[in-house]
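Only heavy atoms go into these numbers, but all of them, side chains included; no hydrogens, no water, no symmetry mates. Naming convention: chains lettered A, B, ... in sequence-line order (proteins, then strands); numbering from 1 in each chain.
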2 protein chains.
Amino acid sequence: MALILQNIEQHVTLTAQEKELFLSKTETHHYKAKTILLNSGAICKHSYFVNSGILRSFNINDNIVEHVLTFACEGWWIGDMYSLLSQKPGNLFIEVLEDAEVVLLSKENQEILYREIPKLERFFRILTENSLVANQERLMDNLSLTAEERFEKFCKKYPTLIQKVAQKQIASYLGVTPEFFSKMKSKTLRKQ
Amino acid sequence: MALILQNIEQHVTLTAQEKELFLSKTETHHYKAKTILLNSGAICKHSYFVNSGILRSFNINDNIVEHVLTFACEGWWIGDMYSLLSQKPGNLFIEVLEDAEVVLLSKENQEILYREIPKLERFFRILTENSLVANQERLMDNLSLTAEERFEKFCKKYPTLIQKVAQKQIASYLGVTPEFFSKMKSKTLRKQ
DNA sequence: TTTGTCGCTTAATCTAGATTAAGAAAGAAG
DNA sequence: CTTCTTTCTTAATCTAGATTAAGCGACAAA
């Protein structure tokens, strides 16, 4: 069964017809690494679900420094929540880090699906709730842990990502410079 | 009309019966400043809606340092999302900063209400979505802005809070020490 | 093969913000 | 009013992590 349906059925149960309807409202695309799916300043029209490959969302501040908000690999959703909800220009980029197959669900179709399959309201509520919990934990970690502690937590939480994405991406996610990350990493390795 | 119903009707419309049912599932309590509504290590059983006064949620790390996750004043919801969803012990405290009237909605009643009034599924989805957007913005701000810039943003976003809560609370929310906050504040004032 | 680009490392120097300490101001509590 | 406790301020010192800079290895294009 489609990965995205499995993902939904982790939280709500759909009938065969509902599954079909859902899929009929999505499109699947293949993207090469380095493709930009969403640009800062643009309005986010879709939620993206990753079938394979890796995406990231990030912003760029005045100083031309990138900051990674989220990574998304197999089985994860990604988007610019602010822009998607408000339909105003956002300040996030969404980029492909590793060749990817992505399911696109447009904002309009999402609204239609909420009406046709009210259970999806529940599904996306739960999805958003989990996302909020993860985000709050990350925020608290940024306030109270050192870069090294955050790195350790990251390694435990996303062991596969470390091997797959460039170090500078992880540094950016953790909120440190690539130079400091490199120093920190070699120090950590020497300890063990 | 009850403030909490106004709050809900910002996003969904309820019938008179639904309003009545909703209110029948809540309790309203008065709390004095310094009351702890939820302790770290306890399981969060309620969502809290603030009719008046001010609450905060915070955690305490190994070093006995407090970190404020959120403030909640009139018309805001607060809780320990992680613990509320998982029904496992959380690590947040919820404390009253200023004498407050608070509406309590238990987890069980919330689930019942989802079944009886499916529209509430939508309401809480939207509430959580907005919360996530705000949280993501704060996270990015913590990664990319200086303490001073974060303080300016905070002042614009929550002008009333600055007068009402102790400086050390705001310092904690911004992620700096009270000493540094004091220095930063007097520097900012001298500039203008 | 060469040239260019990009990511990683190492090291020296610098700074935003932490820590420590101590006094002043302002509430609470009796 | 007085005492106690908490908050705020100021200042000296310290440090996690930033900045700058330079060299190296990998890989892709020509």
(request) Indicate for each nucleotide in nucleotides 22-30 of chain D, in 5' to 3' sequence, whether protein heavy atoms under 4.0 Å reach the base (B), only the sugar-phosphate (S), or nothing (-). (result) ---------
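- Residue A/S186 places none of its side-chain N or O atoms closer than 4.0 Å to OP1 or OP2 of C/dT9.
- Residue B/K183 places none of its side-chain N or O atoms closer than 4.0 Å to OP1 or OP2 of D/dC8.
- For the pair B/F181 and B/K34, nearest-nucleotide mapping onto DNA chain C gives the more 5' position to B/F181.
- Between the two ends of the helix from C/dT1-D/dA30 to C/dG30-D/dC1, each summarised by a five-pair axis, the helix axis turns through 50° (rounded to 10 degrees).
- Taking the side chain as every heavy atom from C-beta outward, B/R138 and B/K157 never approach each other to under 4.5 Å.
- If you check D/dT10, D/dG17, C/dG17 against the side chain of A/A147, the one that comes closest is D/dG17.
- B/T177 has a side-chain polar atom (N or O) that falls below the 4.0 Å cut-off from OP1 or OP2 of C/dA18.
- Applying the ring-ring contact (aromatic ring centres under 6.0 Å, His included) criterion to B/F58, with sequence neighbours excluded, gives B/F93.
- Distances shorter than 4.0 Å separate some side-chain N or O of B/R150 from OP1 or OP2 on C/dG17.
- Residue A/K185 places at least one side-chain N or O closer than 4.0 Å to OP1 or OP2 of C/dT9.
- Put simply, the side chain of B/L174 reaches to within 4.5 Å of the side chain of B/I170, judged on heavy atoms.
- A salt bridge between B/E152 and B/K156 is absent, with no side-chain N of the basic residue lying under 4.0 Å from a carboxylate O of the acidic one.
- The side-chain heavy atoms of A/P118 and B/E121, taken from C-beta on, include no pair separated by under 4.5 Å.
- Neither side chain, B/Y173 nor B/Q169, offers a donor N or O lying under 3.5 Å from an acceptor on the other.
- Contact annotation: B/Q167 reaches the phosphate of D/dT9 (side-chain N/O to OP1 or OP2, under 4.0 Å).
- Of the candidate nucleotides C/dT10, D/dA18, C/dA18, D/dA18 has the atom nearest to the side chain of A/V176.
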